[in-house]
Amino acid sequence: MIELSPENIALLWNAKQYGFSDVQIARRWNLTELEVRELRRRAGVWPVFKLVDTCAAEFEAYTPYYYSTYETPSRVRGPEGSFSPFSESEIRKSGRPTVIILGGGANRIGQGIEFDYCCCHAAFALRDAGYDTVMVNSNPETVSTDYDTSTRLYFEPLTFENILNVVEVEDPIGVIVQFGGQTPLNLALKLEAAGVPILGTSPKSIDCTEDRKFFGHFLNEMGIRQPDGGTATDFEEAVEVARRIGFPVLVRPSFVLGGRAMEIVYDEDSLRQYVARAVEASPERPILIDRFLDDAIEVDVDAICDGERAVIGGIMEHIEQAGIHSGDSACVLPPRTLSDRVLAEIRDHTKRIALALGVKGLMNVQYAVQHCPEEPDGRVYVLEVNPRASRTVPFVSKATGVPLARLAALVMVGKSLEELGLVEEPGVKFFSVKEAVLPFVKFRDVDPLLGPEMRSTGEVMGISDSFAVAFGKAQAASGSGLPSPPAEGETKRAFLSVNNRHKSALVPIAKELRKMRFDLVATEGTSETLAENGIESERIYKVHEGRPNIVDRIKSNEIHLVINTPLGAASKGDERSIRRAVIEAGVPYATTMPAAKVMVEAIRHLNSDHSKEVRSLQEWHRVNRGED
Amino acid sequence: MPKRSDLQKIAIVGAGPIVIGQACEFDYSGTQGCKALREEGYEVVLINSNPATIMTDPEMGDHTYIEPITPEYVAEVLRRERPQALLPTLGGQTGLNVSVKLAEAGVLDELGIELIGAKIGAIQKAEDRALFKEAMERIGLKVPRGGIAHTLEEALAFVPEVGFPAIIRPAFTLGGSGGGIAYNLEEYKNLILWGLSVSPISELLIEQSVLGWKEYELEVMRDQADNVVIICSIENFDPMGVHTGDSITVAPAQTLTDREYQVMRDASIAIIREIGVETGGSNIQFAVNPKNGEMVVIEMNPRVSRSSALASKATGFPIAKLAAKLAVGYTLDELPNDITRETPASFEPTIDYCVVKIPRWDFRKFPGAEDILGTQMKSVGEAMSIGRTFKEALQKGISSLEIGRFGFGGDGKDSWSPAMVQTEAERDLSRQEIIQKISRPNSERLFYLRYALEIGLSVEEVHEYTGIDPWFLRNLVEILECERELIRAVSEPTHAARV
């Protein structure tokens, strides 16, 4: 144990003034982070909070915007000759009950503005309800770090040490961890263990959904289906699991979140490669293997629950099939192809899960719906449950007019949904489409294919009373506006190249494009399929077959639409150069058949009367409320 | 001057989806703009396609359109709503570009809509590289040598004057998309062709490299009575060659002499006047040659930018809010500072602390993408921290990134430490690798600076390899020295710690 000599105390001051974290000091002094904190407490090496006041303390400041620092205390001589330290914090409190909201920190792929939106709503809602709201965040780009979003703002790192500092000075009735994305959630258990009151769903409930065994058992007990799966630490075990559940399988290491290093594997060879490449798999950190539900429709549900009652906020049907990360997939609210029975099952599952987990606040569930002989309209599987604010909360709120994040914040401080007036799922009378925006143009050497890893940075929304128009608007908003059908005498070309599994599905799409006067350009195999079905197309060289090839044609701006599904798990050089050319030329493209299908449907509607019709959100919400 | 009473309804264009180079800072500025205009009693029409924003909440504006930010759809909204004015400066490059297109296409004139905040002439002068260069020369300021090209042939003509390395930047793109640095003729041709394809007007700026020069930004605001205030100075830790969005930045500027700073201030004031941004905020970037103090103007954004969000958070001075109020006719001296309530907005902020911003990258999400930083922005987010000193703010900033690091190394997560090398040969190998990592900017460079100093490179040597100002490097050395004291306190308990 380190001795608290005057030299070491001085050294602690020095280190803290140089910005050393307790983690760094703990490592150097062979202590735990909490032991360093305790040591500092005994030594009086404690932070003060200073104001950001625009005027270097020349004038009185009224806006409570703080940062912590370590100020060597002035020495005040006490009555009995001892010195007592004095340093000045500039915090002003009102005496009202205080709620701390932990923000999401730096934006990253998978954790962006959506969570800032939720945090801001929590601040607005609780301030209106008479609480002092305290925001802790370190992201300068956000609305949550605007000094008038919350009652008090602490511009601090979202680390255990810095959050505890704020908690100690603020003495809140509770801390909200479920709005800031993964960042505060990762700290929730540790904060709770340190005696910090957490509002809403308990950190244990949030955590247990990540525990595969426990959660599998939990769903089983409730009679809710999820894809078969297992874990493995080496190839032999992996193959055993895969044989039992059947290929294709979704594989991922157990210790990463957000879909990183997740892959869909179609055969034993690829599985062997994955295991070899992947990960130092170990009994503590096995590889997770799940049956991959081929050609299933993915569904995202946001719900709100006060512990007694669960209400569906919105159900979104994805455009891309399951297997594409939900953050990268387009989706539509309300669902357009699911049967009433399937929707009823989804609603029922969602509510039961929320109540069983004791959710107080928001919850998101992802489902896959796969057609099977027993249930021709689709069998419902739960893919993932997240008892916290999800990426889709702002989209759902805008599509329905129900401010879910605001209501959830009030639920967390004890209001019931009944008191808040939300007792049933909001009705929706128009279509809202969300489309992801991907950063591939910035990364020249990356294959722009969608997969189980999220790579989008942002999203856009298109609204209309027609699904096709809403989808077309979302495409236009995402920066790759669809080509309108060529006018009389005008030439527009669609390039088609799909793998064998997709050839039959391509036929109606190609027919539709021809009907709209698009010229079709296709590579050999696709071109033959089209010819067999009596559809005329121009055969074009693949990159290795000669020139001018498809990439040349794209670069010469001769191609206006691309439908290109990947041939296999590994992306081939040829296709990759096509997709790169498409990205750089800004040509709208689809890499999945479902996306291709709705794209063509949207193109057909581009010249319709109301494709350019605009309406304000306020008007749309009046429509939802039945006022228009 | 009081606010304008001839306007009742004002449209604001947002920035659309979050992309690299344009993130939620424009939700922040747009939200502030909406609040500010509504506070003054104006009816606000808002257009933004991004549903995840606070600004598109139905309570923030009077008429909120979640529609594509394309000239077609924005024109549709304007036709339907008939605002008297359009404020184009809060929605990043996207909002500005679409407003310019509508102005140029005559749509705004046809509908009788006035551009407020920045007039079309000022926007063009700031954004068009040729006009900007002329303007700077008129007021006696230097810009890097080079010029404008629209074709490969035109570009090749600049080679003798500009030399290598040469900087290539396409006009009207976000976050430097399509830009780059060419070290030889082959790279030059490739970048020219790529740049021409991504610039919406097929225009490129080709410039003499000022790689390694010190980089600064000043946030400036002007009102219609021609008052100009400097809100904040920002210094880039990473010298020229790394996009500002990918640079660690520090506010206020740390390594300028007062004389140098005053020259930069005067230049900024002259620039905003010459460009003619009548009301609102602008961001002006400078490069300073560390060898002789020569200063050149890199560019000016005649709108609220990522840096102005940072400057607002760094100082407490709400640039976007005031930009909106200036746009409707107020002057800086008429607007109170929210924080003090007593001082007007014409008081320049003073800060008695240090602010550090550090970008966050997600290269691991993009297998195949090279982790090299250049003139095209690649970071997906950023964290800011405040401390009393640069050292404190830097270490807090690293903790804020949530990349599993808890300061400037020494947190058990270092990928290199002196203990890893035993023999001379291993040491040499490490040294080479470290030098390589610090010479070519990348997402890990900050930590490699630590390893460089630990393996025995001097501040002067590291400065040679990186161009990072020795003042910053000496601060890093002080952090390492303090860490050594911490180690000594346990390994040699009798050693009296130096304070």
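Source: prediction; values computed, not measured.
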Tell me, side chain or backbone of [X] under 4.5 Å from chain B's heavy atoms, or both, or neither?
X	result
Phe115(A)	neither
Glu613(A)	backbone
Lys398(A)	side chain
Tyr65(A)	side chain
Arg455(A)	both

I'd like to know if the side chain of [X] pairs up with that of [Y] as donor and acceptor (distance under 3.5 Å, no hydrogens or angles considered).
X	Y	answer
Asp371(B)	Trp361(B)	no
Thr69(A)	Glu392(B)	yes
Gln17(A)	Glu71(A)	no
Tyr147(A)	Asp338(B)	yes
Thr145(A)	Asn137(A)	no
Glu81(B)	Tyr65(B)	yes

- prompt: Is there side-chain contact between Gln24(A) and Arg405(B), with at least one heavy-atom pair below 4.5 Å?
  reply: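 They are not in side-chain contact.
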
Counting heavy-atom pairs under 4.5 Å to chain A, which of [options] comes out on top?
options	answer
Tyr28(B), Phe366(B), Phe347(B), Phe363(B)	Phe366(B)
Ala309(B), Ala383(B), Cys232(B)	Ala383(B)
Leu46(B), Ile231(B), Leu401(B), Thr343(B)	Thr343(B)
Tyr73(B), Trp194(B), Phe317(B), Phe26(B)	Trp194(B)
Ser399(B), Pro318(B), Gly30(B), Ser49(B)	Ser49(B)
Glu342(B), His63(B), Glu67(B), Lys413(B)	Glu67(B)

- prompt: Once the angle between the rings of His121(A) and Tyr117(A) is folded into 0 to 90°, is it parallel (under 30°), tilted (30 to 60°) or perpendicular (over 60°)?
  reply: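 The rings of His121(A) and Tyr117(A) sit tilted, inter-plane angle from 30° to 60°.
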
Return the option, out of [options], with the maximum number of heavy-atom pairs under 4.5 Å with chain B.
options	answer
Ser456(A), Ser138(A), Gly458(A), Ser21(A)	Ser138(A)
Gly462(A), Ser397(A), Ser68(A), Ala585(A)	Ser68(A)
Asn162(A), Asn139(A), Thr183(A)	Thr183(A)
Asp146(A), Leu158(A), Ile463(A)	Asp146(A)
Cys118(A), Pro64(A), Pro394(A), Ser616(A)	Ser616(A)
Gly586(A), Ala106(A), Ala26(A)	Ala106(A)

Tell me, side chain or backbone of [X] under 4.5 Å from chain A's heavy atoms, or both, or neither?
X	result
Thr53(B)	both
Asp362(B)	side chain
Ser29(B)	neither
Glu483(B)	both
Thr389(B)	side chain
Asn337(B)	side chain
Arg388(B)	both
Ala393(B)	neither
Glu76(B)	both
Asn48(B)	neither

query: Is the backbone of Gly381(B) close enough, under 3.5 Å, to the side chain of Asn107(A) for a donor and an acceptor to pair up by distance?
result: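 Judged by distance alone, no pair lies under 3.5 Å.
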
- prompt: If only atom types and distance count, is the side chain of Glu382(B) paired as donor or acceptor with the main-chain N or O of Ile358(B) below 3.5 Å?
  reply: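 A pair under 3.5 Å: no.
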
NZ/NE/NH1/NH2 to OD/OE distance under 4.0 Å, Glu619(A) and Arg622(A):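 No, this pair does not count.
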
query: Under a 4.0 Å N-O cut-off, is there an ion pair linking Asp352(B) with Lys50(A)?
result: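 No, Asp352(B) and Lys50(A) are not salt-bridged.
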
Taking every non-hydrogen atom, the tightest pair across Arg28(A) and Val490(B):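 Shortest heavy-atom contact: O-CG2, 3.3 Å.
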
Chi angles and distances behind the salt bridge (charged side-chain N to carboxylate O under 4.0 Å, His left out) call for Asp148(A), Lys35(B): CA-CA 11 Å; Asp148(A) 58 9; Lys35(B) 284 203 278 193; 3.4 Å; yes

query: Counting only heavy atoms not in Lys612(A), do more than 12 sit closer than 6.0 Å to its NZ atom?
result: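 Result for NZ/Lys612(A): enclosed.
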
- prompt: Roughly how far apart are Thr142(A) OG1 and Ile113(A) CD1, rounded to 0.5 Å?
  reply: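 These two atoms lie 9.0 Å from each other.
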
